[in-house]
Amino acid sequence: MTMLQGILSLAALYNTALAVLVILHTGVHRAGRGFAWYILALNTWILCVSSVQPHYADSWNLPLVHAAFAACMLILISWVWFCITFPVPASQGIRRVAGALNVISFLWFCLAWSPWIVPAIDRSRGNVDVVLGPLFIPVHLWIFLVATLSVMFLIRRAREVSTIERLQIRYIMLGTVALIIVGSIPTMVIPVLSGSSAYASYAPLASLFVTTTATYAIVRARLMDIRLVLRAVISYTFVLGLLCLAFALLTPLLDLLLGGVITPPAPASNFLTAFGLALMFEPLLLRVRGFLDQHFFASTMSDVRTQLQDACTELTAGHNNERIARDFTGRLMEIYS
């Protein structure tokens, strides 16, 4: 696995956890489901593009390219669905327009598996270059059209909502616009101008814009309000990624050091590295959580602490069990809602 694939795999793992948390927290709310499907569709695109490798046969790479274009249409469909339901459902006329756009996107989803967009793979330059079909440029123009219409709708929607919801819309919209602009350079602009798809494998890095802005919107602007759960996800993901990187770097070094002492050195070095990193896990996790609480989640922890203090004050002022039970239940619902 290359460094690029490792970064994208870690990003896909984080996105999956984020989507699952959003679904579990928001329940049956349409905006939550739309955002979760948007993240999962983005993950599918990441995995498809990053899996196209020069040492794979064309019989494997070509279906992956088709699947990547199909995943782009799923991203569009879920994105439009999210836009018309967040923060509140749009009007019936807007929903009809969005439905028509999604129907056309589904037709593009079906065409993505045909040879009209990418008919074959070209290896004449030593790379996995796609042969541009007659619908290669039109499908990208459709992506830009839907993205432009959705951004125009969100800009208008941002003028009608509260300040905190306006911030949420701004962050999510910024991540998606950056994804489309930056991601289209290695997947459309360069192949059209030069005929080479050598840089297409770097396109999924643009998904980090969505991951970053969505996380920031959750932390700072209370998007989907899963901040406390997200704190644990970020902590564990960062610590596990750091320890995996340390394992990959330290194991060859210990193999070299133990080569003249233990034969074969690999089992011993693997055990010593894993044992040492396991001892480091808990202290490192506490340090990461302390950093996150101080710089990113301070307001969240303060809000919860204030609500608990208010709840205790009201409980101590109660004179009967019925009022105490009612106040306690109400405060818990406010804290965990």
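Heads up: numbering here begins at 1 and tracks the sequence.
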Once rounded to the nearest 0.5 Å, what's the spacing between atom [atom1] of [X] and atom [atom2] of [Y]?
X	Y	atom1	atom2	answer
Arg96	Ser91	CZ	OG	10.0 Å
Phe106	Leu74	CZ	CG	9.0 Å
Ser9	Ile46	OG	CD1	9.5 Å
Ile39	Thr211	CD1	OG1	6.0 Å
Leu154	Arg170	CG	CZ	12.5 Å
Tyr38	Asn15	OH	CG	10.0 Å

Where is the tightest heavy-atom contact between [X] and [Y], given as atom of each residue plus distance?
X	Y	value
Gly183	Ala206	N-CB, 3.7 Å
Ala198	Ser201	O-OG, 4.1 Å
Asn43	Ala12	ND2-O, 2.8 Å
Ala41	Ala71	O-CB, 4.2 Å
Pro54	Val128	CA-CG2, 3.5 Å
Ile143	Cys72	CD1-CB, 4.2 Å

Start with the C-alpha gap between Leu205 and Leu208, add the side-chain angles, then the distance that decides, and say whether side chain to side chain contact (heavy atoms under 4.5 Å, CB included) holds. CA-CA 6 Å; Leu205 289 175; Leu208 298 179; 4.2 Å; yes
Single-linkage hydrophobic cluster [X]~[Y], side-chain heavy atoms < 4.5 angstrom:
X	Y	value
Leu8	Val182	no
Met173	Phe35	yes
Val151	Ile180	no
Val80	Val139	yes
Leu141	Ile181	no

Pairwise side-chain contact, [X] with [Y], heavy-atom cut-off 4.5 Å (strictly under):
X	Y	answer
Ile185	Ile190	yes
Leu101	Leu149	yes
Trp45	Met73	no

So Arg156 and Ile94, side chain to side chain contact (heavy atoms under 4.5 Å, CB included) or not? Walk me through it. CA-CA 12 Å; Arg156 192 184 74 171; Ile94 296 296; 3.8 Å; yes
[X] side chain to [Y] main-chain N or O, any donor-acceptor pair under 3.5 Å?
X	Y	answer
Arg95	Ile84	no
Thr212	Phe209	no
Ser194	Pro191	no

Under 3.5 Å, is there a donor-acceptor pair linking the side chains of Ser197 and Asn127?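 No donor-acceptor contact under 3.5 Å links the two side chains.
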Testing the 3.5 Å rule here: is there a donor-acceptor pair between the side chains of Thr176 and Trp79?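 Short answer, no.
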Evaluate whether atom CZ of Phe153 has more than 12 neighbouring non-hydrogen atoms of other residues, nucleotides or ligands under 6.0 angstrom away. yes
Step through the shown structure and confirm whether more than 12 heavy atoms of other residues, nucleotides or ligands are within 6.0 Å of CH2 on Trp37. no
Geometric class of the Phe69/Phe136 ring pair [parallel <30°, tilted 30-60°, perpendicular >60°]: perpendicular
Return the orientation label for the Phe109 and Trp113 ring planes: parallel under 30°, perpendicular over 60°, tilted otherwise.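 Ring orientation, 0 to 90° scale: perpendicular.
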Verify side-chain hydrogen bond (donor to acceptor under 3.5 Å, both in side chains) between Ser105 and Trp142, making sure each step is shown before the conclusion. CA-CA 8 Å; Ser105 295; Trp142 173 252; 3.1 Å; yes
Holding to salt bridge (charged side-chain N to carboxylate O under 4.0 Å, His left out), I want the full list of residues that pass it with Asp122, two or more places apart in sequence or in another chain.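 Here no residue qualifies.
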Show, in sequence, the C-alpha distance, side-chain angles and deciding distance for Ile169 and Phe86, and conclude whether the side chain to side chain contact (heavy atoms under 4.5 Å, CB included) test is met. CA-CA 8 Å; Ile169 292 175; Phe86 181 80; 3.9 Å; yes
Pair listing, side-chain hydrogen bond (donor to acceptor under 3.5 Å, both in side chains) test, anchored in residues 54-71, at least two apart: Asp58-Arg123
After noting the C-alpha distance and the side-chain angles of Ile121 and Val65, does the key distance pass the side chain to side chain contact (heavy atoms under 4.5 Å, CB included) rule? CA-CA 9 Å; Ile121 298 294; Val65 173; 4.3 Å; yes
